[in-house]
Every structure is written in C-alpha cells, then in structure tokens.
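Sequence lines set the chain letters: A, B, ... in the order given, protein chains first and strands last, and positions in each chain run from 1.
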Amino acid sequence: MRDDLLDLLWEGLKETLYMVAWSSVFALLIGIALGVTLVVTERNGILAAPTLNKIIGTLINGVRSLPFIILIVLLLPVARFVVGTSLGPTAAIVSLSIGAAPFLGRIIENSLKEVSSGKIEAAKAMGATPWTIIFRVLIPEALPALVRGITIAVIAITEFTAVAGAIGAGGLGSLAIRFGYQRFRVDILIATVIVIIALVQLIQFSGDGVARSILRRRRQL
Amino acid sequence: MIEVSNLSKTYKTGKETVTALSNINLSIRKGDIFGIIGFSGAGKSTLIRCLNRLEEPDTGRIVIGDTVITDLDDKELRLARRKIGMIFQHFNLLDSQTVFQNVAFPLSVAGHPKPYIREKVRALLALVGLEDKENVYPSMLSGGQKQRVGIARALVNDPDVLLSDEATSSLDPQTTYSILELLQDINAKLNLTIVLITHELDVLQHVCDRMAVIEYGSIAETGTVDKLFLQPESHTARRFVSIIDYYRDKRSIIEGFGAGI
C-alpha cells in the first residue's frame, strides 16, 4: 500500500511537471509577445499604436476575468483541434498555455514598464531601431523583475494544473480529487498537498536564486 | 553648423494646449560650445531634444551640418542620430551591461566589426580617463564616472555635434567642474560642436563661448557669454546676473568693514 501510494504520487508528479513545464514555455512565449506589444504600442511607446494597444488590453482583461475552470471548458474544443483530444495532460497544456498567457502578458508588461524612459530615449538618440531597443534595452534591463514575475506566473500555472486535474487533465490535482476527495483517501490527499507545496517552494526558490544571481553579477545587490 | 529656424512646439494636456517653444531661431557655429540657459520650465530641454527629434517639433526647420534634420524619415533620422551624440542629466547607462558594453552599444547598433569596436571603445575610455573600468557595471561607479561613460558612449561614433541635456545638474560642484573640463578638452581636441543646456550660470561661465537665454519658450537674447554678464537684456539674464551682483556687493561691504563671515 505504501508502494502504491508512492507510485501514484510519482506518476502524478511527472504529469504535473510535464504540464507545468510545457504550459510555462508556451504561455511565456505568448506572454512575452503580448507584454512587449503592450509596452511598445502605448501612446508614447517606441511603436505607438494606441488602438492596437487598447484592443489587446481589452482581450487580456476579458480572458483574465473568466474563472480558470470555465476557461478550460471553453478551450476544450481548441485543445481537441490542436492535439486531437480534450482529455489528459497534453490537452490540458493547450488550455493552460492560453489561460496563463494573458496573466504573463500583464506581468511582463509591468516589469518592462519599470525600465526608465531615459534609457530608451538614450538608445533612440544613438540611432537604435525599435527592435534593438526591445531586445538590447527593454528586456535585459528588466530581466531581474521579469524573472521574479515569471516565477509568480509559473506558480500560478502549477495551481491551474491542479484545477485542470478536476476535469481530467491528470497530475497531482486529479490525484487529490479522485483519490483524496472522491474515495476518502486522506493519506493520498495529504501526501499530494505536501508534494505540491514542496514543488511551489522549489519554483519560488529557483526563481529568487536566478534573479539574485543576475543582480549580483551586475553588482546591484 | 546648426541652424534652427522658426521652430515651434506645443503640448496637448487634455483639452489645454501649452506652448513649449515658439518661433525659435538659433545659429550655432562649428566648434563652439554653445550654452542655452533658462529657468525650469522655460523650454530649454524641449529645445535641445528637438535638435535630434527626440521631441518632434510642430513647425520649423533644423539643419545640422548638411543635413536637414526636420526633413528626414525614420530610417534617415536613425542614421543622422549616430552623428549627434547626446548626454543626459541621469546618465541613462544600461545597468545590464558593463562599461565596455555601454560604450560599445552605438557601434554595435551601427553594425561595426568587433575588432574595430574594441579598439574604438578603448580609445574613448582612455580619453575620458576610465581605462581601468572596462569590465565594471555602472552601479559600481560614482556619478562623475557614470557621466564619463556617458560621454564616451556619446562620442564613440565620431559625432559632429554633442548635445548635453543638463549633464552636470545632478553632480556635485567639484565633479561638475571636472566634467566641464573634459567637455572643453574634447571640444578642443576633436573640434566638436557642443550644445549644452543648463540652469547654472557657473556652467555657462566656465565653458561656453556663446549663449542663448530662453524665457517662456522664446529666445530672449543671444550673444557672447561676456555680453550676458556685462549687458544683460532679458528679464531672465538680469535675474541670473543679479544673484552674482548681490553677493559681490555683500562681499565688498563685509570686506569694507574688515570682518570675516
């Protein structure tokens, strides 16, 4: 019985890690695109396009105002279209990525906005293209804040995977609900909770470590 | 070298329109250190930022060398800006890059090969006296050192003009003096035209050949720096000079009594 518990936990953890890792990667890619676009298209941005800015902002707010569990249900057809099924961890990655991307977009937008306008102006005065400013000024200057923000987002995605577990995504969340809740296996419930807590701590610890090492290298700490 | 004619600029804040610059005409000679002085809000920062179009003027024409700055499209403007160096009150160095990388930035933006960049950056760091700080990050530098990096960065593309936007305003008097000396030094060595804006009469007096006084968005008077002190015409100039007169009078009174302060 102990073996069986460990096996279940191990399987659940593997599925959770798989979902968190890929969802984070995809959400990050979409989130960076959204965040950067939001910052550069602002009224006084380096590629000012206030109308586009407003449209993207409204879309992000729209997606973010939906409770995540409803969003997953809404995105089931998309998951089926992309990966051929609406069940299992791979299908969940589609919903998780799309669900978390707007959140990441906002976090990245806020981090990038912390870069002083003077630095951007200096780059402009040196004849830098908007593209150069994005990749050589905005993102590197905001990097420690970006790492911290992304850490928060990855933890949020970990929570989301647990929620997604409730509707057939697999992973630790599904373990907790199927065994711990529906079959009254309190031991599994508690074990699952402990593993999730440990996972979240590990993510936070790693994120803090990376941010600190960047700052230390730049002697800002 | 620099010709500004009929330059105007307004800002819209909500429904109100604020005139920042109205009908500015200026002529700056090659190799001069030209000072623009005015009180806060007079429009001097807007004026200098119009010269490389960090601010877009509403009307008017700006010519630097043979280039009509106000006629350039985005791409041409980027190329032209490489020949217009600029330094700032808050230095605006990149904290994510070393001193070397900061100075190299304009060159790598322009796509120069690495060996050339290395040679050029080292020469500029030697010019500003920071050879030993190549691999240091800006956060380790003092204000004066940061501004020296800013100056090296502004000069690395061999510009014809250097714009100085309150470059010494956040430095202490001694550091200000050393930065001004450096500016004078490069002005003489490179025959570089320098336009600087300031609210400190001291700065003007130390380094400038000619000056313009800006008042409520208009040029109130222009001429040599001596003229400003000897025959101040505008309200602003008189106010600046009266501060000096006040202390000169006070000192002569105190000295007359044979007492110290």
Just list the donor-acceptor pairs under 3.5 angstrom between chain B and chain A, please.
from, atom 1, to, atom 2, distance (Å)
Arg49(B), NH1, Glu121(A), OE1, 2.6
Arg49(B), NH1, Glu121(A), OE2, 3.1
Arg49(B), NH2, Glu121(A), OE2, 3.0
Arg81(B), NH1, Lys124(A), O, 3.4
Asn92(B), ND2, Gly118(A), O, 3.0
Asp95(B), N, Glu141(A), OE1, 3.0
Asp95(B), N, Glu141(A), OE2, 2.9
Asp95(B), OD2, Lys119(A), NZ, 2.8
Ser96(B), N, Glu141(A), OE2, 2.8
Ser96(B), OG, Glu141(A), OE2, 2.6
Ser108(B), OG, Arg136(A), NH1, 2.8
Ser108(B), OG, Arg136(A), NH2, 3.4
Tyr137(B), OH, Arg217(A), NH1, 2.8
Ser139(B), OG, Arg218(A), O, 2.7
Ser139(B), OG, Arg219(A), O, 3.0

Answer with side chain, backbone, both or neither: which region of Leu79(B) has an atom nearer than 4.5 Å to a non-hydrogen atom of chain A?
neither
ring-ring contact (aromatic ring centres under 6.0 Å, His included): which pairs involve residues 197-217 of chain A, sequence neighbours left out?
none
Just grab all the side-chain hydrogen bond (donor to acceptor under 3.5 Å, both in side chains) pairs involving residues 32-42 of chain B, residues at least two apart or on different chains.
Arg29(B)-Asp32(B)
Please state whether the side chain, the backbone, both or neither of Ile84(B) comes within less than 4.5 Å of a heavy atom of chain A.
backbone
Where along residues 67-78 of chain A does a heavy atom come under 4.5 Å of chain B, listed by residue number?
none
